[in-house]
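Structure first, commentary second.
Just follow the structure's listing: the first ligand is 1, and inside any ligand the first atom is 1.
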Amino acid sequence: MEGLGRLEYRGYDSAGVALVDDDRVATAKRAGKLTNLREALAENPPADSATAIGHTRWATHGGPTNANAHPHRGGTEGKLALVHNGIIENFHSLRQSLLADGVEFTSETDTEVVAHLVASAYADSGDLTRAMQDVVGTLEGAFTLLAVHADAPNTVVAARRNSPLVVGLGDGENFMGSDVAAFIGHTRKALELGQDQIVTITPDSCDVINFDGTPSEGKAYDVTWDAAAAEKDGYDTFMEKEIHDQPHAVRDTLLGRTDENGQLVLDEMSITEQDLRGISKIVIVACGTAAYAGMVAKYAIERWTRIPVEVELAHEFRYRDPVIDENTLVVSISQSGETADTLMAVRHAKELGARTLSICNTHGSTIPRESDAVLYTHAGPEIAVASTKAFVAQITASYILGLYLAQLRGGSFGRNAAEVLEELHGIPAKMSDLLGNLARVKEIAYFMADTRSVLFLGRHVGFPIAMEGALKLKELAYIHAEGFAAGELKHGPIALIEPGQPVFIVVPSPSAENGLHGKVVSNIQEIRARGARTLVIAEEGDDDVVPFADEVIRIPATSQLLAPLLTVVPLQYFSLQLSSAKGLDVDQPRNLAKSVTVE
Ligand code: M6R
């Protein structure tokens with residue numbers, strides 16, 4: 001239950017456990033959050049058991065009900081129990097043939113089909129590993145499966161294809177989980193599995209084979225994340241803790257990137273320098289907040305390298321016919337490294353011959369493993385569904401990549417990389433100052449608890465920040481919110497402005513060379529004249545905004561390209577506080593999951 005609690009952020013519409021007890025398997029399942037299962041187990045405590053599997057679910061096939069919750073049983077006596085992440089794409093035809101054989105189903109899930117198939121294979125061979133091996137060959141789609149059987153005590157068998165699974169190696173006890181958070185309270189020794197592998201654990205053994213039955217070993221590693229890092233550190237919510245973790249996320253992501261001469265070195269970069277010099281186009285693929293990090297990165301990478309950069313939502317990229325070749329670098333950005341849409345885009349890019357580089361926060365996850373090169377962000381575990389510290393770490397890592405490419409290709413920005421890096425190293429201190437001055441943002445959020453619609457305006461790198469501010473508000477406070485490019489205002493969106501309409505405006509630094517500051521100040525005047533309530537995010541000392549602002553939220557002075565690392569912070573905090581003011585679940589907003597592992 002402790003392990004399930006740490007994984008609940010991955011899915012939380014129902015939960016269940018199965019415990020092997022003598023020659024039977026006992027299950028308990030409840031719709032809703034884990035607390036419902038806890039209550040059910042407290043009312044009917046199961047017998048002692050040393051072998052168990054559990055699951056927290058995010059529904060794909062069949063609604064979030066007790067019946068559809070995992071584990072699912074298989075076999076006539078229900079002696080097998082199985083849990084599953086992912087989707088079995090050919091489940092319908094498999095279900096039809098099982099129905100024709102007289103099998104009775106108790107749920108609408110694709111998972112129950114697999115439970116019956118594995119139970120039936122076990123009846124033939126009497127070997128749970130063999131049974132799993134027999135069945136995985138018949139399945140299409142993405143899956144992590146875990147099974148226990150009443151007649152195979154002390155044994156859990158798992159299989160993975162395109163879905164995460166890690167093993168925790170203990171002393172006289174072994175674990176499995178979708179990520180290491182499940183077992184870091186018990187062991188720091190982990191085993192990374194490859195694609196299409198089956199693992200069988202008992203208290204004293206861990207055996208890995210490939211789907212074709214050939215033995216394998218997996219890759220052992222030590223988990224460096226601290227168990228305490230997965231806790232809330234005294235904050236009310238993970239999101240608040242993670243917002244306050246952001247200076248560390250930026251600092252740690254910058255760590256160890258330069259050699260003794262101040263030159264950028266990227267250890268995980270396995271694409272040759274020669275190939276990188278030949279790159280003629282960069283395409284960034286990502287979803288949600290990670291895509292906004294990519295949009296910010298485009299401004300910087302193009303400016304520093306003069307390489308054209310396109311940013312595309314991964315799910316759109318995957319299903320059109322993108323123009324890319326071996327001189328294209330496709331950069332995926334993903335906190336989890338498991339987002340199915342992004343993974344499919346990376347695979348598509350590889351099929352088309354592009355080089356692929358993953359910017360990712362989760363070691364050993366699928367996207368970095370399948371990419372030619374990896375640049376890990378070091379934000380630590382992000383538990384809240386709404387992404388915050390991963391976002392600033394993604395921008396930081398993208399900037400490191402841009403500076404590295406600029407350095408490789410020479411030119412003036414290559415020579416200036418050290419200056420930008422120095423300024424990046426100064427960002428965590430500025431962020432800490434900013435985080436200490438957000439009391440007024442909280443007051444504004446509580447004052448706005450009944451607001452129905454909020455608009456966000458930004459320009460240049462402030463434009464993706466405006467969209468990120470709107471996304472945060474939608475997902476956390478369930479309020480209609482939209483982010484616009486401030487220059488687009490007069491082409492339509494200004495019609496939305498009516499008396500009292502709250503509008504956040506991200507104002508560029510007055511020091512910006514491109515003169516955008518004055519243009520955005522004019523935009524503020526235009527909407528104020530039409531009755532908007534203007535909430536202005538502006539640099540310290542920028543007095544030009546004062547006459548037209550109902551509220552001014554100050555950020556420390558910084559250059560235009562680095563400002564997103566600061567301007568996003570009050571917007572994150574505003575959404576967090578508005579969600580709290582409405583009494584909503586900050587860490588697990590409705591209808592969402594932290595890791596979207598289905599397309
Ligand atoms: O794990 P990823 O970075 O690939 O996730 C991508 C999006 O699903 C994610 O950023 C999502 O938009 C967040 N909930 C936003 O806060």
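Taking 4.0 Å as the cut-off, E338 does not count as a neighbour of ligand 1 on heavy-atom distance. Under a 4.0 angstrom heavy-atom cut-off, C287 registers as being in contact with ligand 1.
V309 places a side-chain heavy atom less than 4.5 Å from the side chain of I284. Looking only at side-chain heavy atoms (C-beta outward), T567 and L571 stay at 4.5 Å or farther from each other. F175 has its side chain out of reach of V166: every pair of non-hydrogen atoms, C-beta onward, lies at least 4.5 Å apart.
Taking the six-membered ring for Trp and thresholds of 30 and 60 degrees, F456 and F504 have nearly parallel ring planes, at less than 30 degrees apart.
Residue S387 has at least one nitrogen or oxygen atom sitting less than 3.5 Å from a nitrogen or oxygen atom of ligand 1, judged on distance alone. For a threshold of 3.5 Å applied to N or O pairs, the pair formed by V385 and ligand 1 contains at least one separation below that value. Checked by distance only, ligand 1 and K594 stay at 3.5 Å or farther apart across all their nitrogen or oxygen atoms.
Under 4.0 Å from ligand 1, the heavy atoms of E475 that appear belong solely to its side chain.
Taking the centre and axis of the six-membered ring of Y478, the NZ or CZ atom of R590 falls inside the cone set by 45° and 6.0 Å.
Counting only heavy atoms of the protein, atom 10 (O) of ligand 1 lies nearest to T289 N, 3.2 Å. Taking atom 5 (O) of ligand 1 as the reference point, the nearest protein heavy-atom neighbour is T339 OG1, 3.5 Å. When hydrogens are left out, the protein atom nearest atom 3 (O) of ligand 1 is Q335 N, 2.6 Å; that is the closest non-hydrogen contact.
The main-chain N or O of A31 is found under 3.5 Å from a side-chain atom of N36 such that the two form a donor-acceptor pair. Checked by atom type and distance alone, the side chain of D325 never pairs as donor or acceptor with a backbone atom of A354 at under 3.5 Å.
Below 4.0 Å from some heavy atom of S336 lie the following atoms of ligand 1, by number and element: 1 (O), 2 (P), 4 (O).
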